[in-house]
Structures are given as structure tokens and as C-alpha cells.
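Keep in mind the model is a prediction, meaning the values are calculated, not measured.
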Amino acid sequence: MAILITGGAGYIGSHAALELLRRGFDVVVVDNLSNSHEAAIDRVAELAARPVPFHRVDIRDRAALDQVFRTAPIDAVMHFAGLKAVGESVGQPLRYYDNNISGTIVLLEVMKQHGVRTLVFSSSATVYGDPASVPITEDFPLSAVNPYGRSKLFIEEMLRDLCRAEPEWRVALLRYFNPSGADPSGRIGEDPNGIPNNLVPFIAQVAVGRLPEVAVFGTDYPTRDGTGVRDYIHVVDLVVGHINALEKLAAGPGLVSYNLGTGRGYSVLEMIEAFGRAAGKTIKYRLAPRRPGDAAECWSDASRAERELGWRATRGLDDMCRDVWRWQSNNPNGYA
Ligand code: NAD
Ligand code: UFG
């Protein structure tokens with residue numbers, strides 16, 4: 001079975017490519033390298049001991065995407081390509097809507113033209129907006145609080161409409177909680193551009209000496225230690241969930257949606273402490289005001305995925321921190 005991976009040079013897409021190759025799937029990667037490096041593909045090929053067909057293509061480029069579908073048979077698509085920085089999306093909404101929404105429309109049209117109607121889509125827990133309570137189930141009301149989140153929500157709605165209009169489509173919406181971790185080889189991992197927005201890559205760069213200290217955003221939340229609580233999920237567990245979703249789609253057409261999380265949350269201070277343990281260092285931090293727009297707690301009820309996909313996260317906090325540290329300490333400057 002051949003899977004087209006859009007955004008396959010990125011953090012999650014490169015791990016998906018590796019896991020698929022390890023399980024004997026064929027993959028084709030499409031990425032415009034706007035937020036990634038071709039070296040990630042080379043390392044996936046090295047780890048899998050198989051060549052990885054790679055096309056440097058923007059998914060909005062219909063002719064180039066059409067050409068990709070002509071060069072290799074494709075059975076299904078895992079769609080990771082997208083811009084994902086929340087703050088940036090507030091300042092550049094049109095860029096986000098064009099890249100994420102227009103890109104997805106072109107992809108769906110080209111898929112249709114080539115008779116490919118199986119799609120696994122990277123959605124996000126951000127589609128739950130500011131959740132009224134935790135844990136979050138898939139039936140919670142959906143909303144968005146920034147253009148990035150709105151782009152995910154619109155794409156979900158668009159895919160629902162498409163499946164209603166053309167019932168032969170098979171679509172899985174996978175709502176990720178907080179992906180973290182890296183392949184245990186330490187050869188591929190998350191390599192954010194500039195100063196990281198997200199907690200774990202920030203801690204990792206403090207641990208490796210690139211940044212002086214972590215700012216803990218908010219210490220007066222109604223949580224066990226006053227800091228924000230999130231559901232951090234190991235990227236390898238996350239990509240295994242995609243393969244299980246693909247198997248589910250093979251059983252019949254329709255649209256399904258799943259939370260991919262661990263079902264438990266850790267606070268910012270717990271993350272800093274766990275990372276310090278993994279790295280064998282004390283991570284320097286300072287207490288800072290809340291970051292606007294952050295929820296106190298966001299963690300999943302992941303029981304639907306367990307029930308219907310036979311999937312659950314098996315890697316814990318210490319595995320995640322150990323694997324991020326291996327990646328970060330072996331590659332202090334990422335792929336550069
Ligand atoms: P990433 O930036 O590392 O990977 C995305 C990849 O898509 C990059 O390699 C980028 O170059 C590519 N890309 C972007 N626009 C493109 C276009 N128009 N054409 C071709 N390639 C394009 O991000 P990631 O963390 O691997 O995230 C993958 C997906 O998962 C994204 O859609 C993201 O929104 C979603 N997601 C991520 C998180 C997270 O915390 N990492 C959480 C929820 C959802
Ligand atoms: N935090 C800090 N200091 C930092 C960075 C983050 O204290 O330097 C805190 C935040 O306040 C929050 C927690 O660490 O309490 C996690 O923050 P992240 O930025 O790592 O992650 P978020 O939960 O805010 O957001 C992530 C993705 C979003 C996605 C959301 C839900 O970045 O794109 O998960 O899936 F929408």
C-alpha cells in the first residue's frame with residue numbers, strides 16, 4: 001500500500017514516514033520545505049534503509065501535485081502539510097487560510113481526479129476552543145479562538161460536507177493534543193524555526209544551553225501547582241494512531257474523528273522537572289505572567305480511539321523527555 005505524506009519533511013510527518021516504512025508501506029513525500037529541511041527525509045531513508053521518494057512541491061501548486069500522483073500509484077493520503085504557529089496566524093490570517101485551507105482544497109481535488117478517496121487529516125485539540133471542562137471527548141462543542149484554529153475547524157467542516165456529498169470518501173480527523181518526543185534513534189526530531197513557542201522544545205533548548213531559562217507562563221491557574229496542564233503525547237504513539245486510523249478506514253467509507261492523547265495531563269513545572277531528570281541537569285526557570293489565550297487545562301478522553309481503533313499511547317513522560325533530550329543533545333542546532 002502506498003501512502004502520500006504531505007508535510008512529510010516536518011516534525012510529525014517525518015516520524016509518520018519512518019513508521020510506515022518500518023511497517024512495510026511504500027511512501028511518497030511532498031513538502032515545500034517552508035518549515036523543514038530535506039535532511040529529515042535523508043535521515044528517514046537512512047533509518048528505514050530504504051529510499052524515500054521526495055517531491056519539493058507546494059500543495060497549492062495543482063499541476064505539480066497532479067504530476068506527483070501520475071508518477072506513482074497512491075492508495076491513501078496522510079495530510080500533515082500546514083502552517084501551525086498560533087501567534088503568527090493572528091498577524092497573518094490570509095497566509096494561514098490560503099496555505100492551510102486553499103492547500104487542502106487543491107489536495108482534495110487532485111486526489112479526486114486520481115480516484116484516491118482515503119485521507120487521514122492532522123487536526124488539533126485547538127478545535128475544542130477553550131473547553132468548558134476536562135477530559136475532552138470528541139462530542140464537545142467545536143470552536144476556534146485564532147485563525148490557525150479556525151483553519152483546522154474549516155477543514156474539518158469541509159471534509160464533513162465532502163463525505164456527505166460523496167459518501168465513497170473515507171476520512172479520519174485526528175485531533176492531536178500536545179505532540180512531543182522523538183524517534184529513539186535521536187536522528188529525527190522537532191526543529192522549530194527561531195525561538196520555540198512550545199514548552200518542550202523551549203525546555204530542550206534551555207537544557208542544551210541555547211536559551212538561558214524557561215518562562216513559566218502563569219502560576220495562578222486552578223491546577224494542582226498553579227501552572228498550565230496539558231496532555232503531552234509521544235510522537236511515535238501519535239503516528240501509530242495514524243496507521244490504526246488507516247486500518248479503520250479500510251473497513252468502510254465515512255468520516256471518523258478521534259482524539260489522540262494519553263488521557264492524562266502534566267503541569268509546566270512537572271514537565272520541567274521530568275526533563276531535568278532525563279537530561280541529568282537542573283533546568284533554570286522563572287515564574288512569569290499568564291500567556292494570553294491559554295487554557296488552564298487541556299487533556300483528552302482518548303477512550304474512543306482505544307475502543308474503535310484498538311490504539312492507546314504506550315510511551316510515558318520519561319520516555320518522551322529522554323527521546324527529546326537524545327535528539328536535542330545529538331543535534332544541538334537541529335538539522336542546520
Ligand atoms: P511542521 O511544521 O514540522 O510540519 C509541517 C510541514 O508541512 C513542514 O515540513 C512544512 O514545510 C510543510 N508545509 C507547510 N505548508 C505546505 C504547503 N503549502 N505545501 C507543502 N508543504 C507544506 O509541523 P508538525 O508539528 O509536524 O505538524 C504537522 C501537522 O500537525 C500540521 O498540520 C499541524 O497543524 C498539525 N498539528 C501539530 C501539532 C503540534 O503541536 N506539533 C498539534 C496539533 C496539530
Ligand atoms: N508554556 C510555558 N512557557 C513556554 C511555553 C509554554 O509556560 O515557554 C506553557 C503554556 O502556558 C501551556 C503549556 O506550557 O500551559 C503548553 O504550551 P505549548 O505552547 O507547548 O502548547 P499549547 O497547549 O499552548 O498549544 C499546542 C499547540 C497548538 C495546539 C494546542 C492544542 O502549539 O497549536 O497544543 O493541540 F492548538
Distance from R95 atom CZ to S151 atom OG, nearest 0.5 Å?
12.0 Å
Begin from the C-alpha positions of F177 and N259 and carry the test side chain to side chain contact (heavy atoms under 4.5 Å, CB included) through to its verdict.
CA-CA 7 Å; F177 281 67; N259 286 342; 3.7 Å; yes
Are the side chains of P192 and P201 in contact, using a 4.5 Å heavy-atom criterion?
yes
Between R230 and E297, does at least one N-O distance fall below 4.0 Å, as a salt bridge requires?
no
Give, for atom NZ of K152 and atom CD1 of I101, the distance between the pair rounded to the nearest 0.5 Å.
10.0 Å
Pairwise side-chain contact, V44 with L21, heavy-atom cut-off 4.5 Å (strictly under)
yes
Check: S102 side chain, N99 main-chain N or O, donor-acceptor pair, under 3.5 Å:
no
Tightest non-hydrogen contact, residues G82 and N100, listed as CA-OD1, 3.4 Å
Do I5 and V28 have side-chain heavy atoms sitting under 4.5 Å apart?
no
So is R290 actually on top of Y221's ring, under 6.0 Å and inside 45° of the axis?
yes
Ignoring hydrogens and geometry, is there a side-chain-to-backbone donor-acceptor pair from D61 to A64 under 3.5 Å?
yes
Before we go on, tell me: are the rings of Y128 and W299 under 6.0 Å apart, centre to centre?
no
Tell me every residue that passes side chain to side chain donor-acceptor pair (under 3.5 Å) with S122, counting only those two or more places apart in sequence or in another chain.
Y176
Are any side-chain N or O atoms of E156 and backbone N or O atoms of L153, one a donor and one an acceptor, separated by less than 3.5 Å?
no
Has W311 got a side-chain atom pairing as donor or acceptor with L260's backbone, closer than 3.5 angstrom?
no
Taking only residues two or more places apart in sequence or in another chain, which ones pass side chain to side chain donor-acceptor pair (under 3.5 Å) with Y232?
none
Using side chain to side chain contact (heavy atoms under 4.5 Å, CB included), reason through L83 and Y148 one step at a time and then give a plain yes or no.
CA-CA 8 Å; L83 298 174; Y148 165 70; over 6 Å; no
Apply salt bridge (Lys or Arg N to Asp or Glu O under 4.0 Å) to D323 and list each qualifying residue two or more places apart in sequence or on a separate chain.
R326
With a 3.5 Å distance limit and no angle check, can you tell me whether D58 reaches the backbone of N32 through a side-chain donor-acceptor pair?
no
Going by the angle between their ring planes, with limits at 30° and 60°, are Y335 and H37 parallel, tilted or perpendicular?
tilted
Between atom OG1 of T104 and atom CE of M111, what is the distance when rounded to the nearest 0.5 Å?
10.5 Å
Pick out which of V239, L20, V240, L238 makes a side chain to side chain contact (heavy atoms under 4.5 Å, CB included) with H15.
V239
Can you check whether D231 reaches P135 side chain to side chain, under 4.5 Å on heavy atoms?
no
Would you call D26 and I3 a side-chain contact if the rule is heavy atoms closer than 4.5 Å?
no
May I ask you to decide if A9's main-chain N or O and D31's side chain share a donor-acceptor pair within less than 3.5 Å?
yes
Using 4.0 Å as the upper bound for N to carboxylate O, is an ion pair formed by R291 and D294?
yes
Result for side chain to side chain contact (heavy atoms under 4.5 Å, CB included) between V268 and one of D225, T227, L287 points to T227
Contact between Y258 and K248 at the side-chain level, heavy atoms closer than 4.5 Å - yes or no?
yes
Salt bridge D183-R22, side-chain N to carboxylate O under 4.0 Å
yes
Rounded distance (nearest 0.5 Å) linking atom CZ of R23 with atom CD1 of I243
4.5 Å
Atom CD in E308, atom CG in N244: separation rounded to 0.5 Å?
12.5 Å
Is the backbone of A76 close enough, under 3.5 Å, to the side chain of T118 for a donor and an acceptor to pair up by distance?
no
For a quick check under 3.5 Å, do Y266 and R264 share a side-chain donor-acceptor pair by atom type?
yes
Any chance the side chains of W325 and Q328 put a donor and an acceptor closer than 3.5 Å?
no
Where is the tightest heavy-atom contact between C163 and V171, given as atom of each residue plus distance?
SG-CG2, 3.6 Å
Over all atoms of both residues, closest heavy-atom pair of L255 and L173:
CD2-CD1, 3.9 Å
So does F80 get a backbone contact from the side chain of T6, meaning a donor-acceptor N/O pair under 3.5 Å?
yes
Work out which heavy atom in L108 is nearest to a heavy atom in M158; give both atom names and the distance.
CD1-CE, 4.2 Å
Regarding E46 and R43, does a basic nitrogen lie under 4.0 Å from an acidic carboxylate oxygen?
no
I'd like to know if the side chain of R170 and the backbone of A250 have a donor-acceptor N/O pair within less than 3.5 Å.
yes
Should we count CZ of R60 as having more than 12 external heavy atoms under 6.0 Å?
yes
Which atom of G254 lies closest to which atom of L249, heavy atoms considered
O-CD2, 4.4 Å
Between D318 and R277, does the salt bridge (Lys or Arg N to Asp or Glu O under 4.0 Å) criterion hold? Intermediate values first, please.
CA-CA 8 Å; D318 291 326; R277 265 198 314 274; 3.1 Å; yes
Can you tell me if N330 uses its side chain to pair, donor with acceptor, with the backbone of W327 under 3.5 Å?
no
Side-chain contact, heavy-atom cut-off 4.5 Å: V236 with R315?
yes
With heavy-atom distances below 4.5 Å as the criterion, would you say the side chains of F69 and L4 are in contact?
yes
Using the ring of each side chain (for Trp, its six-membered ring), is F121 parallel, tilted or perpendicular to H79, with breaks at 30° and 60°?
tilted
OH of Y285: more than 12 outside heavy atoms within 6.0 angstrom?
no
Specify the closest pair of heavy atoms between L317 and A274, including all atoms of both residues, with the distance to one decimal.
CD2-CB, 3.6 Å
Residue pair N178, I233: steps toward the side chain to side chain contact (heavy atoms under 4.5 Å, CB included) verdict
CA-CA 6 Å; N178 290 58; I233 172 167; 5.7 Å; no
Between OG of S180 and CD1 of I203, what distance do you get to the nearest 0.5 Å?
8.5 Å
